[in-house]
Amino acid sequence: METLRSQARVLVVDDQKHCRVEIDGMLERPEYSTVLSSGRDEAIAHIERDAPYDLVLSDLTTAGSDGHGLMGRMRRVQPDTPLVLLTHDLKAALAAVRQGAYDYLLKPIEKDQLLATVRRAIDYRRLVQQNAMYRQDLEQMVSARTGMLNQAITDLERSYDITLEALGDALDLKDAETEGHSKRVTAFTIALARGAGVPPQPIRIMARGAFLHDIGKMAIPDAILLKPSKLQLDEQKVMREHCVRGYQMLRKIPFLQEAAEIVYSHQEHYDGSGYPRGLKGEQIPMGARIFAVADTLDAITSDRPYRKATSFGAARLEIKRCAGTQFDPKVVEVYLSLPDQLWEDLRAEITQQSKKLAPLQLEPKGPKLRNPFG
């Protein structure tokens, strides 16, 4: 602290020359470097023009009304510089301290008392500065570590999504009838969500739910899942369990809990006739309502063993017909506002990627789509 205290800059303000000289003489050299001022306006000029002072010693009357003239300017220009007032009037000095002055000294000034007060005030200022520097360094460190943490979380979630994509591909390979289905409905869901004005973060959740909507089928016996003919009633009941099975798989994973709700609800119908819970209207998560249109669009326009694919125009008519029963009318309205060319381009893009065994990177004509999970 002695090293830090060397050459502390002190501004001495008093309209009485002998008072200024007396105080200047009391301040020991080389510990203090003083600047003497004969009035408030001159002192304010020093405050505004000079580098920061460590302390201002000012006669209360010279400083302005109760010290507020000089004090107010110091607060704006050098807010961490303490002001010590010199006065004969104890009541006025106490009032000024309540208004923000650091301390006061009663005239006539005693050297020991002056030096003790000056040292205390300068130590206080330097403590304030050190705390400010520490706080700034801490904020920078927190900001840097927050950035590193956010990047780590992003990288971790991306690694999760790569794993999930592999799971979806595995399901498509198991059920050759729906090869590429998961990627297509994901792309269709993203396009519909963007068309509806859904913000980016909920779209990422919807994309994960769409991509993993059939993950519960991995728990369905192959004899039922791959059966080429129509399922019996008891087999249909088992197949319908894939919604619950998928939900149970995903809800245990923290970053997939919201997506799990879409998986759970993706076979619900707007009029309440769906399964597994018979949800109706807005009881069904928005992501599941959007997905339902995307899923039907892909189903109608894809080949199945029991029928050939139909056109996007035919799909448009069927989806429009089912608005209010199977589908949310508002989602259908968004779908109808988008051109068929968008869906054709998406399908072509994903088919091309599948042939190249490329990762899911979607950027078709129309709404800009990148990795659905990113």
Side-chain angles (χ1 to χ4, degrees), residues 1-140:
M1 185 63 73
E2 290 301 323
T3 301
L4 290 175
R5 189 180 290 126
S6 66
Q7 287 298 299
R9 300 183 72 243
V10 180
L11 178 61
V12 180
V13 186
D14 200 306
D15 59 0
Q16 300 294 321
K17 182 177 179 180
H18 72 276
C19 292
R20 298 195 301 272
V21 172
E22 180 183 10
I23 292 172
D24 184 40
M26 291 182 184
L27 296 176
E28 300 170 346
R29 302 297 193 278
E31 193 170 349
Y32 303 106
S33 171
T34 58
V35 174
L36 306 184
S37 174
S38 61
R40 180 186 62 186
D41 293 341
E42 183 184 348
I44 289 175
H46 281 296
I47 291 293
E48 294 180 339
R49 184 180 65 242
D50 299 349
Y53 286 93
D54 294 289
L55 172 65
V56 175
L57 289 170
S58 176
D59 176 73
L60 189 149
T61 303
T62 306
S65 177
D66 294 332
H68 294 124
L70 180 58
M71 190 189 311
R73 194 61 59 93
M74 287 177 61
R75 284 175 177 168
R76 291 191 293 273
V77 181
Q78 297 188 21
D80 63 346
T81 299
L83 172 65
V84 174
L85 295 170
L86 314 174
T87 182
H88 295 284
D89 188 340
L90 177 60
K91 183 178 180 181
L94 292 173
V97 169
R98 285 194 293 269
Q99 293 298 320
Y102 174 76
D103 205 346
Y104 67 90
L105 288 169
L106 293 177
K107 293 183 176 181
I109 307 300
E110 295 183 1
K111 181 176 180 178
D112 290 344
Q113 188 178 18
L114 173 69
L115 293 178
T117 301
V118 167
R119 287 169 182 163
R120 187 170 65 250
I122 291 174
D123 287 347
Y124 166 78
R125 178 179 183 271
R126 286 174 175 162
L127 179 61
V128 169
Q129 290 179 318
Q130 289 169 3
N131 286 341
M133 291 176 62
Y134 173 77
R135 185 165 56 251
Q136 182 179 4
D137 290 344
L138 183 61
E139 288 173 355
Q140 291 176 348

> If you take all heavy atoms of A121 and P82, which pair is closest and at what distance?
O-CG, 3.6 Å
> How far does NZ of K111 sit from CG of L27, to the nearest 0.5 angstrom?
9.0 Å
> Does the pair D50 and L11 meet the rule for a side chain to side chain contact (heavy atoms under 4.5 Å, CB included), with working shown?
CA-CA 10 Å; D50 299 349; L11 178 61; 5.9 Å; no
> Looking at S37 and A43, what are the two nearest heavy atoms and their distance?
OG-N, 3.1 Å
> For residues G39 and V13, report the shortest heavy-atom separation together with the two atoms involved.
O-CG1, 3.8 Å
> Passes side chain to side chain contact (heavy atoms under 4.5 Å, CB included), K17 versus R20? Steps please.
CA-CA 5 Å; K17 182 177 179 180; R20 298 195 301 272; 3.6 Å; yes
> For the salt bridge (charged side-chain N to carboxylate O under 4.0 Å, His left out) test, which of R9, R119, R126 pairs with D54?
R126
> Apply side chain to side chain contact (heavy atoms under 4.5 Å, CB included) to the pair D24 and V12, showing each step before the final yes or no.
CA-CA 8 Å; D24 184 40; V12 180; 5.7 Å; no
> Would you compute the distance between atom CG of L55 and atom CZ of R120 and round it to the nearest 0.5 angstrom?
11.0 Å
> Any chance you could lay out the side chain to side chain contact (heavy atoms under 4.5 Å, CB included) test for I122 and Y32, step after step, and finish with the verdict?
CA-CA 11 Å; I122 291 174; Y32 303 106; 3.5 Å; yes
> Keeping to residues at least two apart or across chains, list the side-chain hydrogen bond (donor to acceptor under 3.5 Å, both in side chains) pairs with something in residues 81-95.
Q78-T81
> Report yes if the side chains of I23 and L114 come closer than 4.5 Å at any heavy-atom pair, otherwise no.
yes
> Is the CD atom of E110 crowded by more than 12 outside heavy atoms at less than 6.0 Å?
no
> Write down the atom of I109, the atom of L86, and the distance for their closest heavy-atom approach.
CD1-CD2, 4.1 Å
> Which one of R40, Q16, K107 satisfies the side chain to side chain contact (heavy atoms under 4.5 Å, CB included) criterion with D59?
K107
> To the nearest 0.5 Å, what is the distance between CD1 on I47 and CD on E42?
11.5 Å
> Tell me which pairs pass ring pair (Phe, Tyr, Trp, His ring centres under 6.0 Å) where either residue lies in residues 90-138, with sequence neighbours left out.
Y102-Y124
> Has Q7 got a side-chain atom pairing as donor or acceptor with P30's backbone, closer than 3.5 angstrom?
yes
> Which heavy-atom pair separates A96 from L60 by the least distance, and what is that distance?
CB-CD1, 4.4 Å
> Using distance alone, with no hydrogens and no angle criterion, decide if T117 and D103 have a side-chain donor and acceptor under 3.5 Å apart.
no
> Closer than 3.5 angstrom, by distance alone: can the side chain of R125 be matched with the main-chain N or O of Y53 as a donor-acceptor pair?
yes
